[in-house]
Amino acid sequence: MIKRQTTINRIFKLSGIGLHSGHPVNLEFLPRREQGIVFVLNGVQIPARYDQVADTRLSTLIARDGAAVSTIEHLMAAFYYAGVTNCLVYIDGPEVPILDGSAWEFYQGMWKAGVYEFPEEQVYLKVVKPVEATHGDAWVRIKPLNTLDITMTIEFRQPVGLQRRRVSDVENAFSILNSRTFTMQEEIEAIKKMGLAKGGSLDNAVVVGEDDVLNPQGLRYRKELVNHKILDLIGDLYTSGYRILGKVEAHKTGHHLNNLLLKQLFSDPANYQIY
Ligand SMILES: [Zn+2]
């Protein structure tokens, strides 16, 4: 368990295209003294926090004072895995680059930059009362536990079907980090009609066809799709501003429910302890 507040050891940059805009976007990572991850767009500081989340339809989008940054979830998961608690992320466009569709390149950037430890202890959030968020047949809940433990179930048409994975040692489950985002082939046209996914390709997403995935290299893991949903959940949970300790169980959850869970959690101080 990471005991201290940390930031990156030196400034580094990353560039790529936005999944939805298709436009190039540049990121610059700077060390930060205070706990928290903060994005900076056009001079506006937007804390990567659940209460700044303004849209969750296709990704997690944060907004403040007319500035908005979308698709923060994979980057947030990379911060979680790298153990970085404090960082400023300068961005010159409205969408975090999709890169290979996973959190791997973000994590590599942080790992190469190195992690700097402050003397201050990191602040954790421990769940003390069960909380849940439900929508239709989808749900996510969190119960008291001294570590972070996640069980995720997804359900899609064949050949995906029902997939489940439990990760009890989240911090060391690196197969989560490089599992890519995915879509069903038939959904692509509808998304493109909405003017979205302009930057989407087989280089940054797994596309599930009728019988198999369309990506020539296939899947990185047998459970890559459910892994990616866990990645999204870890990134979304990190918008709590803390490393959360609790047992999470989720069924067909997404960014909307993940955000709702945090709002539910923070709605009553009796639900959690900060220490
Ligand atoms: Zn994702």
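Just so you know, these numbers come straight off a predicted model, no measurement behind them. Start at 1 and go down the list; that is how both ligands and their atoms are numbered.
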Confirm or rule out an N/O/S atom of Glu73, from backbone or side chain, lying less than 2.8 Å from the Zn ion (ligand 1).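 Given the 2.8 Å cut-off, Glu73 does not count as a ligand of the Zn ion (ligand 1).
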Any donor-acceptor pair under 3.5 Å from Asn215 side chain to Val207 backbone: yes
When you check the side-chain N and O atoms of Ser102 and Arg180, is any donor under 3.5 Å from an acceptor?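 Side chains of Ser102 and Arg180: no pair found under 3.5 Å.
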Checking side-chain polar atoms at under 3.5 Å, does Asp232 have a donor or acceptor matched by the opposite partner on His228?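 Distance-only check passes for Asp232 and His228.
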Tell me the angle that NE2 of His74 and NE2 of His228 form around the Zn ion (ligand 1), rounded to 10°. 100°
Is it the case that the ring center of Tyr50 lies less than 6.0 angstrom away from the ring center of Phe266? yes
Among the N/O/S atoms of Asp232, the Zn ion (ligand 1) lies closest to OD1
